[in-house]
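Start at 1 and go down the list; that is how both ligands and their atoms are numbered. Throughout, numbering of the chain's residues begins at 1 and tracks the sequence.
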Amino acid sequence: MGYAETYKSWQDDPEGFWMAQAGAIDWDQPPSKALFDEAAPLYEWFKDARVNTCWNALDRHVEAGRGAQTAIIYDSPVTDTKQHISYAEMRDRVALMAGALATRGIVSGDRVIIYMPMVPEAIVAMLACARIGAVHSVVFGGFAANELAVRIDDATPKAIIAGSCGIEPGRVVEYKPLLDGAIEQASHKPEFCVIFQREQCVAELVEGRDVDWHAAQDGVAPAGCVPVSGDHPAYILYTSGTTGAPKGVVRPTAGHLVALNWTMKNIYNVNPGDVFWAASDVGWVVGHSYICYAPLVAGNTTVVFEGKPVGTPDAGTFWRVMAEHRVASFFTAPTAFRAVKRVDPKGDFLEKYDLSALRAIYLAGERADPDTIEWIANLTGKPVYDHWWQTETGYTIAGNPAGLEALPVKIGSPTVPMPGYDVQILGDDGHPLPAGELGAIAIKLPLPPGTLPTLWNAEARFRSSYLTAFPGYYETGDAGMKDEDGYLWIMARTDDVINVAGHRLSTGAMEEVLAGHPDVAECAVIGVADALKGQLPMGFLCLSNGVNRPHEEIVAEVIQRVRDQIGPVAAFKLALVVERLPKTRSGKILRATMAAIADGRDYKMPATIDDPAILDELTEAMKAIGYPQG
Ligand code: COA
Ligand code: AMP
């Protein structure tokens, strides 16, 4: 069956479609039906099933005689390490870690925060939680202690599993002081922490609270897989919203297994035993779905890569990893390729490597600019597929289902909606717009299996953030259009979320940090276009009356504040002091107009602007720091 027939088969019988896909999962108790809609507009899938994620990711492959197959290839140019770990060995390592957690009192439903770099132990920790029904919440290493503290207070974990450090080019990032600082700041305290010591930096353990990764496993019995109900949260993953408080996206166990398994063949076109590589980080949704869960559930070999596209040691690293490990499908964010292109525009490094195993390259996480897509396609001669999704969905909303049927690529479009997703472009009044018209992108409810059923501890926020603007639909937060062929075009966010190097960040959260500076009376943060990272945050500060310190000092202080309170990943390095901010007569800051000025785009003078002269002042101030660029 090709794409059109498959999509239609889903449209004709959505529940039948997903029940058929559920056949690929090993159930302890199979679901009696697919959709549970009693609490609409909240929906659940396969709720009455019982299942274990770790069994499906590891044990069942071992039982099927494939224990010797490599589950994980760890390739770490920053530590000069390469390891192959088989499915049997992963199962044993995970069972032991799960035993260690269980021995210390972790039971099904308990939360465990994982704060680890890109090492196989991060995957071991995630699957160990899954094995005993504990709900993990992985926090990206580039976040500061404060962000970790916020997540500790929201998820109230019984335990935290952390690495002693991460390795960034040129520096070792000590995680332990960040962890200790976060626990000190948080009101909730974990009962214990498991620390994975790395030789690059051995952390000091807190007596009575911290236990060494290996010591924790000494003499414990390996734990078996604990079946959980279909709606049991597999994990919580925090992502940026409009305010500083991150949203805890809940991933339901059964739907997650069914849907992710479907994507590996149908979208990424890989079979059991094929090598799949997503160059992301376990702290992001791409890392959850496509470094850890989906490739393992589908019986692939997954690559855990600890490095950067450039500088570790050079711009040929991606090609080297693809060639050396015979990667069949590769997935990363466009920004990673922009970094490679900037250093090696002619692709000289590629000449050294054999990419004959590679079938296609997949891009997501941010808008894929046509230049980058064409550059990759011309250089490699491989198909380059853009696909669009978000933390909330956990897998592709719109993509090119190469394993079903490779559809013609239209550069700039992530192609078409996947089965499960009825994507509509809505006008302000909530009515679907015709082809070619720009509107809010919404998905008709119910969302398919594996997508978020709610936000952790925040059902009201779930409803107000996603279900209220357009009743009967899920609001994606993206704007765009569909063309005559049904292809989607994703143009912009409709909220204050920006995308920096494929990382989703909240300008609202940064504004909260700037506003906390004692000299700042008012502020705004916008996303400005950046040739490498897609967008960068830029902050505008209005100072309190009577403050007459040098502006550079205040700017340096707010930059440091964002680094300390949100983290280096925010890449907040642009800030300027201005007299006034442009506002509507009702007092709303005109952020979109400010962003247009910074990017040198044409803009329409907002009809409701209070004082148009402020825009001229702002244009001058931005010029002084080199914006618009080029
Ligand atoms: N732990 C600690 N610090 C981290 C970190 C981590 N796991 N990841 C990033 N940082 C730091 C970086 O060292 C950098 O610090 P600096 O300000 O001192 O230089 C800062 O956070 C910003 O990091 P990043 O956005 O990664 O920028 P970069 O300049 O180091 O690298 C790219 C740019 C394009 C090479 C890089 O962003 C990249 O590889 N992106 C791939 C995209 C990706 O993985 N997306 C995930 C979703 S698919
Ligand atoms: P995240 O939740 O971090 O995965 O970020 C999701 C957001 O990133 C989406 O809502 C979009 O705004 C953006 N995004 C992801 N993939 C794409 C894509 N292929 N094209 C355009 N924007 C994308």
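- Selection from Lys247, Met491, Arg367 by nearest heavy atom to atom 21 (C) of ligand 2 gives Arg367.
- Protein heavy atoms are found less than 4.0 angstrom from atom 22 (C) of ligand 1.
- The distance criterion of under 3.5 Å between nitrogen or oxygen atoms is not met by Thr332 with respect to ligand 1.
- Evaluated by nearest non-hydrogen atom to atom 35 (C) of ligand 1, the leading choice among Ala364, Ala279, Pro309, Ala144 is Pro309.
- Considering backbone and side-chain N/O of Arg171, one or more are found under 3.5 Å from N/O of ligand 1.
- Classification of the Phe462-Tyr466 ring pair by plane angle, with boundaries at 30° and 60°, yields tilted.
- With a 4.0 Å heavy-atom cut-off, ligand 1 is reached by the backbone of Ser280 and by its side chain too.
- Summarising the contacts of atom 7 (N) of ligand 1 with Phe140, Trp284, Tyr115, Phe318, the nearest heavy atom is found in Phe140.
- In terms of protein heavy-atom proximity, atom 26 (O) of ligand 1 is nearest to Lys308 NZ, 3.3 Å.
- Ligand 2 has no nitrogen or oxygen under 3.5 angstrom from a nitrogen or oxygen of Thr476.
- Taking 4.0 Å as the cut-off between side-chain N and carboxylate O, Glu366 and Arg504 do not count as a salt-bridged pair.
- If you look at Asn499 next to ligand 2, the close heavy atoms, those under 4.0 Å, all belong to the side chain.
- At a cut-off of 3.5 Å, with distance as the only test, no side-chain donor of Lys176 or Tyr115 sits close to an acceptor on the other residue.
- Considering Ala571, Pro568, Gly283 only, the shortest heavy-atom separation from atom 20 (C) of ligand 1 involves Pro568.
- At a heavy-atom distance under 4.0 Å, only side-chain atoms of Lys533, from C-beta outward, approach ligand 1.
- Distances from ligand 2 to the non-hydrogen atoms of Gly365 include at least one value under 4.0 Å.
- Within a 4.0 Å radius of atom 32 (C) of ligand 1, the protein contributes no heavy atom.
- Checking Trp277 against Asp75 by side-chain atom types alone, no donor-acceptor pair falls below 3.5 Å.
- With rounding to the nearest 0.5 Å, the separation of CG in Leu574 from CD1 in Ile559 is 7.0 Å.
- Ranking protein heavy atoms by distance to atom 40 (N) of ligand 1, first place goes to Thr335 CG2, 3.7 Å.
- The structure places CD1 of Ile397 at 7.5 Å from CG of Asp478, a figure rounded to the nearest 0.5 Å.
- At a heavy-atom cutoff of 4.0 Å, ligand 2 is contacted by the backbone of Trp389 but not by its side chain.
- Looking at Glu168 next to ligand 1, an N or O pair under 3.5 Å apart turns up.
- To the nearest 0.5 Å, the span separating OH on Tyr473 from CD1 on Ile443 amounts to 11.5 Å.
- Residue contact check: Asp386 has heavy atoms under 4.0 Å from atoms 18 (C), 19 (N) of ligand 2.
- In the model, Arg251 has a side-chain atom that pairs as donor or acceptor with a side-chain atom of Tyr235 under 3.5 Å.
- Partners of Tyr362 by ring-ring contact (aromatic ring centres under 6.0 Å, His included), not counting sequence neighbours, listed by chain and number: Tyr268, Tyr385, His387.
- Set against the non-hydrogen atoms of Ile490, the atoms of ligand 2 under 4.0 Å away are 21 (C), 22 (N).
- For ligand 2, the polar-atom distance check finds an N/O of Gln390 within less than 3.5 Å of one of the ligand's N/O atoms.
- Rounding to the nearest 0.5 angstrom, the gap separating the OG1 atom in Thr302 from the CD1 atom in Ile123 is 6.5 Å.
- The option from Gly502, Gly142, Ala339 that lies nearest to atom 47 (C) of ligand 1, judged by heavy atoms, is Gly502.
- Residue Thr391 approaches ligand 2 through these ligand atoms, each under 4.0 Å from one of its heavy atoms: 1 (P), 2 (O), 3 (O), 4 (O).
- Of all heavy-atom pairs between Val138 and Gly283, the closest is CG1-CA, 3.9 Å.
- Classification of the Tyr290-Phe276 ring pair by plane angle, with boundaries at 30° and 60°, yields tilted.
- A heavy-atom separation below 4.0 Å is found between Lys573 and ligand 1.
- By the criterion of a heavy-atom distance under 4.0 Å, the side chain of Val286, and not its backbone, is placed next to ligand 1.
- The pair Arg198-Glu121 fails the salt-bridge criterion, with no side-chain N (NZ, NE, NH1 or NH2) lying under 4.0 Å from an Asp/Glu carboxylate O.
- Under the 6.0 Å cut-off for aromatic ring centres, Phe196 and Trp213 qualify, their centroids lying closer than that.
- Looking at Asp478 against ligand 2, only its side chain comes within 4.0 Å, counting heavy atoms.
- Closest approach of Ile113 to Leu148, counting heavy atoms only: CG2-CD1, 4.1 Å.
- Listed by number with element, the atoms of ligand 1 under 4.0 angstrom from any heavy atom of Val569 are 21 (O).
- In Glu366, the part holding a heavy atom less than 4.0 Å from any atom of ligand 2 is the backbone.
- Not a single side chain to side chain donor-acceptor pair (under 3.5 Å) links Glu475 to another residue, sequence neighbours left out.
- Residue Arg563 has at least one N or O atom closer than 3.5 Å to an N or O atom of ligand 1.
- Comparing Gly365, Ala501, Pro334, Pro169 by heavy-atom distance to atom 42 (C) of ligand 1, the nearest is Ala501.
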